2 protein chains.
Amino acid sequence: MQVSARADYALRAASELARAKVEGTGPLKGERIAAAQGIPKKFMENILLDLKHHGLVRTQRGASGGYWLAVPAAEITLADVIRAVEGPLANVRGEWPEAVEYTGSAEKLREVWIAVRASLRTVLETVTLADLVEGSLPPVVEGLTRNPEAWVHH
Amino acid sequence: MQVSARADYALRAASELARAKVEGTGPLKGERIAAAQGIPKKFMENILLDLKHHGLVRTQRGASGGYWLAVPAAEITLADVIRAVEGPLANVRGEWPEAVEYTGSAEKLREVWIAVRASLRTVLETVTLADLVEGSLPPVVEGLTRNPEAWVHH
DNA sequence: TCACCTCTCTACTGGTTCGGTAGGCAATAC
DNA sequence: GTATTGCCTACCGAACCAGTAGAGAGGTGA
């Protein structure tokens, strides 16, 4: 259950675009975003292109060009961004959780994967880019982070 | 956010061992487990060896040998099995969620990853191998699967 | 003691993915 | 027309993944 560099970079870049959107400054240049978040520039261009193809981002070329969000930051969830660059949020050996076949004592595993995906969604589909910019997460998510136990790795 | 073949196989094999434990039949041979779950035998031996090294499984060699759970099935969670074969449940670009540094508008991402990990844990640390065998998941997890929306992929 | 069975361990391999780079092309502004 | 910026495809090395191989060690039974 790894979060790839690609997904992480995409979210960081998107958060920069969200801030620019909220603050009303114009298009952000790739150079600026990459520098602000410490992302290799060419790699990030690649990633932002994916976001553009999925309709999350708009662009303009030329001297006064750059990138900006296609819709308000509050309408883009983190799940939207991740799906744009990585495909489905959760899958089992390359298949959708509901597509995997289990036999005998393992039968309930399918439902477990469904539950896993659902729990991922409750976080990633409720947090929006606007939440990142504002610095306040939705109550459900905030609640998960309150438990000190959540901050230790096992 | 992929579930690897290794983790999937580990859980399936473990569920077979759990059933044998609950039913009180003796050690299970690798051959039997592999056949029952359709797992390549040598690959599965490899995986079960990991489970053994982590103290989840005991073994005996020879004609009347086989594999069995080291502790009752109700005391082994799915998270235990996954961690034994894959390491940490969730990490961001190879690091623990709480170790990743974010700057500016991306700062809240760390808390998001913490929440993601916490939500994974609420599923994988509550379901035990005994639950799989009995065919009844804990209420919290069962609840997640009840929502029809959880069964569609986006 | 011998034969046979089953797990143990290390190494290997072929293929895919991942993170990142390169470079030419297309559009925009001045 | 020229400088600037994004667009797009291709490429590359390294790591990882799924699976295989095979010799060896510990058991059992005769």
Side-chain angles (χ1 to χ4, degrees), chain A residues 1-13 16-17 20 26-35 37-70 82 85-88 91-95, chain B residues 1-13 16-17 20 26-35 37-70 82 85-88 91-95:
Chain A
M1 299 263 179
Q2 259 239 90
V3 178
S4 66
R6 205 174 165 77
D8 188 46
Y9 289 163
L11 289 170
R12 282 155 58 178
E16 290 288 330
L17 296 181
L28 267 186
K29 300 204 192 306
E31 184 68 46
R32 289 274 313 263
I33 307 173
Q37 288 294 330
I39 307 174
K41 190 189 160 212
K42 286 300 261 178
F43 191 26
M44 197 204 59
E45 283 181 358
N46 231 309
I47 293 166
L48 287 180
L49 202 54
D50 270 345
L51 296 185
K52 175 181 183 176
H53 288 156
H54 282 81
L56 300 178
V57 160
R58 293 237 184 93
T59 63
Q60 190 173 50
R61 305 194 236 198
S64 60
Y67 301 86
W68 66 94
L69 291 187
I82 295 175
V85 299
E86 283 213 310
N91 63 67
V92 181
R93 294 167 54 210
E95 293 190 275
Chain B
M1 299 261 179
Q2 259 239 86
V3 177
S4 67
R6 204 172 167 79
D8 188 46
Y9 289 164
L11 289 170
R12 281 154 59 176
E16 290 287 331
L17 296 180
L28 267 187
K29 300 204 192 306
E31 184 69 46
R32 288 275 311 264
I33 307 172
Q37 287 294 331
I39 307 174
K41 191 188 160 211
K42 287 300 259 177
F43 192 26
M44 196 203 60
E45 284 179 354
N46 232 311
I47 292 167
L48 287 181
L49 202 53
D50 270 345
L51 296 186
K52 175 181 182 176
H53 289 329
H54 282 80
L56 300 178
V57 160
R58 293 240 182 90
T59 62
Q60 190 173 48
R61 305 193 237 201
S64 60
Y67 301 86
W68 65 94
L69 291 186
I82 295 175
V85 299
E86 282 214 310
N91 64 68
V92 182
R93 295 168 53 211
E95 292 190 276

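Here is how names work: the chains are called A, B, and so on, in the same order as the sequence lines, proteins then strands, and each is numbered from 1. Keep in mind it's a predicted model, so treat the numbers as computed, not measured.
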- Task: Give the rounded distance in Å between these two atoms: CD of A/Glu45 and P of D/dC11.
- Result: 19 Å
- Looking only at heavy atoms, the pair that brings A/Ala20 and A/Gly26 closest together is CB-O, 4.2 Å
- Message: If you assign each of A/Tyr9 and B/Gly30 to its closest nucleotide in DNA chain C, which residue comes earlier from the 5' end?
- Response: B/Gly30
- Query: Just wondering, more than 12 heavy atoms not from A/Arg93 lying within 6.0 Å of its CZ?
  - Reply: yes
- Message: Under 4.0 Å from OP1 or OP2 of D/dC7: is there any side-chain N or O of A/His53 that close?
- Response: no
- Message: Could you tell me how far apart B/Lys41 (NZ) and D/dG22 (C1') are, to the nearest whole angstrom?
- Response: 12 Å
- For atom CD1 of B/Ile47 and atom C1' of C/dC9, their distance in whole Å: 15 Å
- Message: Can a donor-acceptor pair be found, under 3.5 Å and without considering hydrogens, that links the side chain of A/Lys41 to the backbone of A/Ile33?
- Response: no
- Query: Is any side-chain N or O of A/Lys52 closer than 4.0 Å to OP1 or OP2 of D/dG6?
  - Reply: no
- Message: Below the 4.0 Å mark, does C/dT6 have OP1 or OP2 next to a side-chain nitrogen or oxygen of B/Thr59?
- Response: no
- Query: Between atom CG in A/Leu48 and atom C1' in D/dT5, what is the gap in whole Å?
  - Reply: 13 Å
- Query: In whole angstroms, how far is the C1' atom of D/dA18 from the CZ atom of B/Phe43?
  - Reply: 5 Å
- Query: In terms of side-chain heavy atoms of A/Ser4, which of C/dC9, D/dC7, C/dG19 is nearest?
  - Reply: C/dG19
- B/Ala5, nearest nucleotide to its side chain (from D/dG24, D/dA18, D/dC7): D/dA18
- Message: At less than 3.5 Å, do the side-chain atoms of A/Lys42 and the base atoms of C/dG23 form a donor-acceptor pair?
- Response: yes
- Measuring from A/Asp50:CG to A/Glu86:CD, what's the distance to the nearest 0.5 Å? 10.5 Å
- Item | Interatomic distance where CZ belongs to A/Arg6 and P belongs to C/dT21 [whole Å] | 14 Å
- Message: Rounding to an integer number of Å, can you tell me how far A/Ile39 CD1 sits from C/dT21 C1'?
- Response: 16 Å
- Query: Is there a donor N/O on one and an acceptor N/O on the other, under 3.5 Å, for the side chain of A/Asn46 and the base of C/dT21?
  - Reply: yes
- Can you check the B/Trp68 CH2 to C/dC7 P distance for me, whole Å? 10 Å
- If you look at every strand shown and take non-hydrogen atoms under 4.0 Å, does B/Gln60 touch a base, only sugar-phosphate, or nothing? sugar-phosphate
- Will you find, in the side chains of A/Glu16 and A/Gln37, an N or O donor that is under 3.5 Å from an N or O acceptor? yes
- Task: Using the closest heavy atom to pick a nucleotide of DNA chain C for each, name whichever of A/Pro40 or A/Ala63 lands nearer the 5' end.
- Result: A/Pro40
